[in-house]
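Following this message is one structure expressed as structure tokens.
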Amino acid sequence: MPFDPIRRFRTVALRASAVGICAISTATAAAQAPIAFEERASAAGLDFVHATGAVGDRYMVETMGSGVAAADFDQDGYVDLYWAQGAATPGTQASTDPRNRLYRADGDGTFTAVGNGDSTSWSMGVAVADFDDDGFPDVYVTNLGNNQLFRNNGDGTWDEVGEHARVNDGAWGASAAWADIDSDGDLDLYVTNYVDFTWNNHKFCGNPQRNLRAYCHPDVYNAAADVLYRNEGNGTFAEIGAQAGIANTLDGKGLGVVFGDYDNDGDPDAYVANDSTRNFLYRNDGTGTFMEDGLLSGVAFSADGQAEAGMGTDWGDFDNDGLLDVFVTNLDLETNSLYRGLGESAFAEVTFASGLGEPSLLQVGFGTNWADLDNDSDLDLFVANGHIIDNIAEFRDNITYAQTNQIFRNDDGAFADISAAAGLSAATVSRGSVAADLNADGLLDLVVSNNGGSPELLINSSTPGNWISLRLAGRNGSRWPAGARVTATFGDTTVVRELRAGSSYCSSGPSVVHLGLGEATEATIDIRWPGGDAEHLGAVASGTHALVRQGLGVVASR
């Protein structure tokens, strides 16, 4: 059936009306928006340039870009940045030797390149967590070819231990995410694999009559099964994908993955964005075994029942009802997709009714982040855009390769595109994205990786509402507690946020939970740690950066 946006709008609007979502005027919301950003990558010393190696043969990997990670790698209190890099293609020679790059935050808004995690493979995804519990965040990098695990030694040096740790899968890896899936205290690792493309099975795609090459659609390649690694607690991992129920070899062409407890039973579930095949929702039974529930839950397909080109994804409770909702970025003429959690493992597709449909019709979304950008207590939405076909103008006259990224302001569960008003005007070919408070001013900033170009460092210059920032540390003071759930109550409002270790598209954020409070001057904080331990912190004042250690409460603040 051909795509019919009018029919789709009516279908989704009818579904959404049953769950209380309505759209609002874009112009009205834009006038109210206090959100503003300034691009400062060059001024901050970020001289990274992503290499595609493209010279015209259009190998599929060239256009997929890579991710970015934000984390305090040296534990000095400032958020550092790590970039995944491309490489030369067969028969070509890059002008320089492209390598992944770590930038250390200098504490004054600038960054210094310090090397680390060198890789001459074609790198795509980055997932950060402290897998060995030594107090320093480690970096997992997915590649076209063997993936890598860089162990942080804490002294500025790194050891690549992927083969020793048995996590060096050789398929085309994309996004990855960490979580303690079996509640044994060790972080496990989910890795999405895309398709079986290699340098040797490169195909001609495009228009043969015009001898016009284009990057291939994923349909021309077979799916590659995702992998799931169980942490054995001794520096090694065991691949348990088949026995854990996630090895959907025929269906999955994975590009995005994020863990979140959507059924509120205390263990991490996983959502996987697949490209042109159905998306997966893996429900954890509490032992690290999963049941795929995407179709019955309503998050596998579009409102029209079609598989879409899932790229990036993120969980977030956008309507503050205590239930996680999931957002997925897709190809142009599909729209992105917002699935609202209804409880009882059911979701409603509310993309158009919430105001997110029409603005994404001509965009190709990749990275995405739920983030309270104005600290008003509800989650706004960032989407990184850029087409996958660099010569798309040869095929369509209304679509561009470089596209403008988007910010959607949340107003009581309805969204408006305020991108231009917020200062986002540059057309880029964006891929991975992270939201993090890089300058410790209580406002979430945005970091974006661009395919074949320089990154964007979008510093939030809004007039902020009140806020609390919680840096979370596990029981022994070092464990990265991915999956920890923070509940904050202030006045009549309760918000729920979870700590992630991998989300968006091929990207990863810091071990920090950010809470916007609106006009409230304090919030009562409760934490459910991975494994189920509950901790009540009591009242925490707005404007606080707090270090919280499991079982000890707030051990430091500023």
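Any value given below was found using the heavy atoms of this structure, including those in side chains, with hydrogens, waters and symmetry copies removed.
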### Query
Considering the options Val434, Leu444, Ile407, which one meets the side-chain contact (heavy atoms from CB on, under 4.5 Å) requirement together with Phe382?
Ile407
### Query
Quick one: is the NZ or CZ of Arg431 closer than 6.0 Å to the six-membered ring centre of Phe366, and within 45° of its axis?
yes
### Task
Report the distance from atom CG of Leu515 to atom OG of Ser377, rounding to the nearest 0.5 Å.
10.5 Å
### Message
So, applying ring-ring contact (aromatic ring centres under 6.0 Å, His included) with Phe48, which one of Phe111, Tyr103, Trp83 is it?
### Response
Trp83
### Message
Could you check whether any side-chain N or O of Glu292 sits under 3.5 Å from a backbone N or O of Gly294, counting only pairs where one atom can act as donor and the other as acceptor?
### Response
yes
### Query
Taking the six-membered ring for Trp, are His514 and Trp467 parallel (under 30°), tilted (30 to 60°) or perpendicular (over 60°)?
parallel
### Query
Hey, does Leu472 have a side-chain heavy atom less than 4.5 Å from the side chain of Val486?
yes
### Query
Can any side-chain N or O of Gln148 pair as donor or acceptor with the backbone N or O of Phe150 at less than 3.5 Å?
no
### Pair Asn450, Ser430: side-chain N/O donor-acceptor within cut-off below 3.5 Å
yes
### Message
Does any part of the side chain of His50, heavy atoms only, come nearer than 4.5 Å to the side chain of Ser66, both counted from C-beta?
### Response
yes
### Query
Is there a salt bridge (charged side-chain N to carboxylate O under 4.0 Å, His left out) between Arg230 and Asp182 once you walk through the steps?
CA-CA 9 Å; Arg230 183 184 62 220; Asp182 50 8; 5.1 Å; no
### Task
Check each of Ile468, Leu470, Asp437 against His545 using the side-chain contact (heavy atoms from CB on, under 4.5 Å) test, and report the only one that passes.
Asp437
### Query
Quick check, are the ring centers of Phe131 and Tyr140 under 6.0 angstrom apart?
no
### Query
Would Asp269 and Tyr282 satisfy side-chain contact (heavy atoms from CB on, under 4.5 Å), going step by step from the backbone distance to the final call?
CA-CA 6 Å; Asp269 311 297; Tyr282 289 116; 6.0 Å; no
#### Entry: Within-4.5 Å side-chain heavy-atom neighbours: Asp138 and Asp130
yes
### Query
So, does Asn330 use its side chain to make a donor-acceptor pair with the main chain of Thr335 at under 3.5 Å?
yes
### Task
Could you go through the side-chain contact (heavy atoms from CB on, under 4.5 Å) check for Leu189 and Leu228 one step at a time?
CA-CA 6 Å; Leu189 179 63; Leu228 181 64; over 6 Å; no
### Query
Taking it one step at a time, do Asn320 and Asp378 satisfy side-chain contact (heavy atoms from CB on, under 4.5 Å)?
CA-CA 7 Å; Asn320 288 339; Asp378 55 27; 4.1 Å; yes
#### Entry: Approximate separation, where rounding is to 0.5 Å, of Asn152 CG and Leu102 CG
8.5 Å
### Query
Looking at Ile525, Thr544, Val548, Leu547, which one forms a side-chain contact (heavy atoms from CB on, under 4.5 Å) with Val554?
Val548
### Query
Looking only at heavy atoms, what is the nearest atom pair of Thr404 and Gln363, with distance?
O-OE1, 3.9 Å
### Task
Let me know which of Arg497, Arg528, Arg283 forms a salt bridge (Lys or Arg N to Asp or Glu O under 4.0 Å) with Asp261.
Arg528
### Message
Is the distance from the ring center of Tyr262 to that of Tyr271 below 6.0 Å?
### Response
no
#### Entry: Test side-chain contact (heavy atoms from CB on, under 4.5 Å) applied to Asn284 and Phe259, step by step
CA-CA 10 Å; Asn284 192 340; Phe259 281 104; over 6 Å; no
